[in-house]
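Could you have a look at this structure, given as structure tokens, before my questions?
Read the numbers this way: they start at 1 and go in the same order the structure lists the ligands and their atoms.
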Amino acid sequence: MRVLVLGAGIIGLSCAEELLRRGHQVSVVDPAPGAGASYAAAGMLSPSSEVWHTDLDLLRLGLASLQLWPSYAAGLGVPMHRTGTLLAGFDGGDLQQVQRQVALLDTVGVSVDLLGGAAARRIEPTLSHRLTGAALLPDDHSVDPRAVVAALLSRVGGAQDVPDVGDHDVTVIATGARLPEPWSHLVRGVRGEILRAHTDDPPTRTIRGWVHGEPLYVVPRADGGVVIGATSEEHDADPVVTLGGVARLLEGARLLVPGLDRATFVEVCARDRPGTPDNLPLVGPAPGRSDVVLAAGFFRHGVLLAPLAARLVADHIETGHLDPALDPRRFDLAAGRVDADRLVHAPSGRDSTYRKDNA
Ligand code: GLY
């Protein structure tokens, strides 16, 4: 197949790389490769700490993609930071959040032990003495998304900055928080501000949790870098960095990991996460166009889900396979705008799913 991929963030590039490895002809178009949400992302591979009560489909996807990450990272020559994640509660109310999360994980078969503050500090001495408690998620790791994007870009041969609208069989749209019309309503921008710093005393593992009710994470890199994130704000303007956002992140991070006081400031940036109406990704045929595949709406989970997204998109293009929970047409279907009988998942994508004239 001749495939045009619009968008060279981690999702577009992982799809392009998978399709290339499967022998397809792939062109990638992006005026600023890797400069969107992938540039800001901390790179947590932590489905268990991201799960909320309404998001069990996300947990299923996240756990499946997490299984793929070790060989995926090895294949790209990018190291994973494999020291686990500590889910931390600073005050009593914050610990209740941790307890709720642990209880939820228990219902889906992920067993996690709760630790008191002192026990948590024994395994992570950089934590504050004021910490109330924590839970260790030993299988939830992290990766540097900028390193992943660079490795993927070198494999797909870079991205063109002039759209090639020449002949291709399928277009994959992976443009993050900004989808072209008529699909722009399927994603909304959820701004995240994120800080980068450097310290000679970083935490051993990702620390994720709540500080006086504010969600926060501190993700260490092997070289002493730390990523501190992230704010979350529904908005309809440019994703700018605000003083209030920076202040909240710094305050929470310094309370949780007091040694960060001595860290040197490196960078702050803001990007929009691509949220969808149900916060699940959009993977499959674009509503109204059978020759266009959406690989979008990965919200807070683009890095974690990238290897799985690549497989799902490539499988869909080759066989028509589709996960109904991710079908971009699900909102139209729920609203009665699409006839369910027409949502047949064709066994052969090449012949029946992607002919331009059946759009
Ligand atoms: N996945 C972390 C975030 O979106 O902030």
Side-chain angles (χ1 to χ4, degrees), residues 9-11 14 34-52 54-55 57-59 61-66 69 80-81 84-88 97 101 137 139-149 176-178 187-197 203 205-211 213-221 225-235 239-242 244-246 248-250 252-253 256 267-276 278-282 296-309:
I10 198 164
I11 295 297
S14 60
S38 310
Y39 185 77
M44 287 176 291
L45 308 176
S46 184
S48 298
S49 70
E50 287 266 351
V51 65
W52 300 108
T54 52
D55 287 347
D57 264 325
L58 267 177
L59 181 64
L61 297 167
L63 291 172
S65 202
L66 181 61
W69 258 106
M80 274 173 71
H81 201 91
T85 292
L86 204 59
L87 201 54
Q97 289 277 24
Q101 191 118 357
L137 306 171
D139 301 323
D140 286 22
H141 303 302
S142 68
V143 71
D144 181 349
R146 294 180 184 176
V148 176
V149 164
R178 304 277 179 275
V187 292
R188 68 188 197 285
V190 181
R191 176 173 59 185
E193 294 152 282
I194 195 158
L195 287 161
R196 282 171 165 80
R205 52 184 61 74
T206 295
I207 299 168
R208 177 151 202 184
W210 291 267
V211 179
E214 290 278 342
L216 186 86
Y217 47 79
V218 179
V219 183
R221 303 271 188 249
V226 282
V227 185
I228 300 166
T231 61
S232 186
E233 187 192 355
E234 308 271 345
H235 74 128
V240 294
V241 175
T242 64
V246 171
R248 286 198 302 281
L249 292 174
L250 284 178
L256 201 55
E267 179 191 319
V268 61
C269 65
R271 293 290 187 276
D272 278 338
R273 305 174 180 91
T276 62
D278 60 6
N279 291 338
L280 281 171
L282 310 164
F298 284 81
F299 195 31
R300 306 180 66 103
H301 319 284
V303 178
L304 170 62
L305 296 181
L308 182 68

With atoms numbered from 1 as shown, which atoms in ligand 1 lie under 4.0 angstrom from a non-hydrogen atom of Ala230?
-> 5 (O)

Considering only protein heavy atoms, which is closest to atom 5 (O) of ligand 1, and at what distance to one decimal place?
-> Tyr217 OH, 2.5 Å

Between Phe299 and ligand 1, which residue portion shows a heavy-atom distance shorter than 4.0 Å: side chain, backbone, both, or neither?
-> neither

If you measure from CG on Leu45 to OG1 on Thr85, what distance do you get to the nearest 0.5 Å?
-> 8.5 Å

Calculate, to the nearest 0.5 Å, the distance between atoms CG and CZ belonging to Leu58 and Phe298 respectively.
-> 10.0 Å

Atom 1 (N) of ligand 1 has as its nearest protein heavy atom Arg300 O, 2.7 Å

From the list Val219, Val226, Leu86, side-chain contact (heavy atoms from CB on, under 4.5 Å) partner of Pro203 resolves to Val226

Atoms in ligand 1 flagged as close to Met44, the criterion being non-hydrogen separation under 4.0 Å = 2 (C)

Numbered atoms of ligand 1 (with element) below 4.0 Å of Arg273, judged on heavy atoms = 3 (C), 4 (O), 5 (O)

Taking atom types as modelled, find out whether Asp272 and His235 have a side-chain donor-acceptor pair closer than 3.5 angstrom.
-> yes

Would you kindly specify which portion of His301 sits under 4.0 Å from ligand 1, judged on non-hydrogen atoms: side chain, backbone, both or neither?
-> neither

Hey, are Arg248 and Glu233 close enough for a salt bridge, meaning a charged N less than 4.0 Å from a carboxylate O?
-> no

Work out which heavy atom in Ser38 is nearest to a heavy atom in Ile10; give both atom names and the distance.
-> OG-N, 2.9 Å

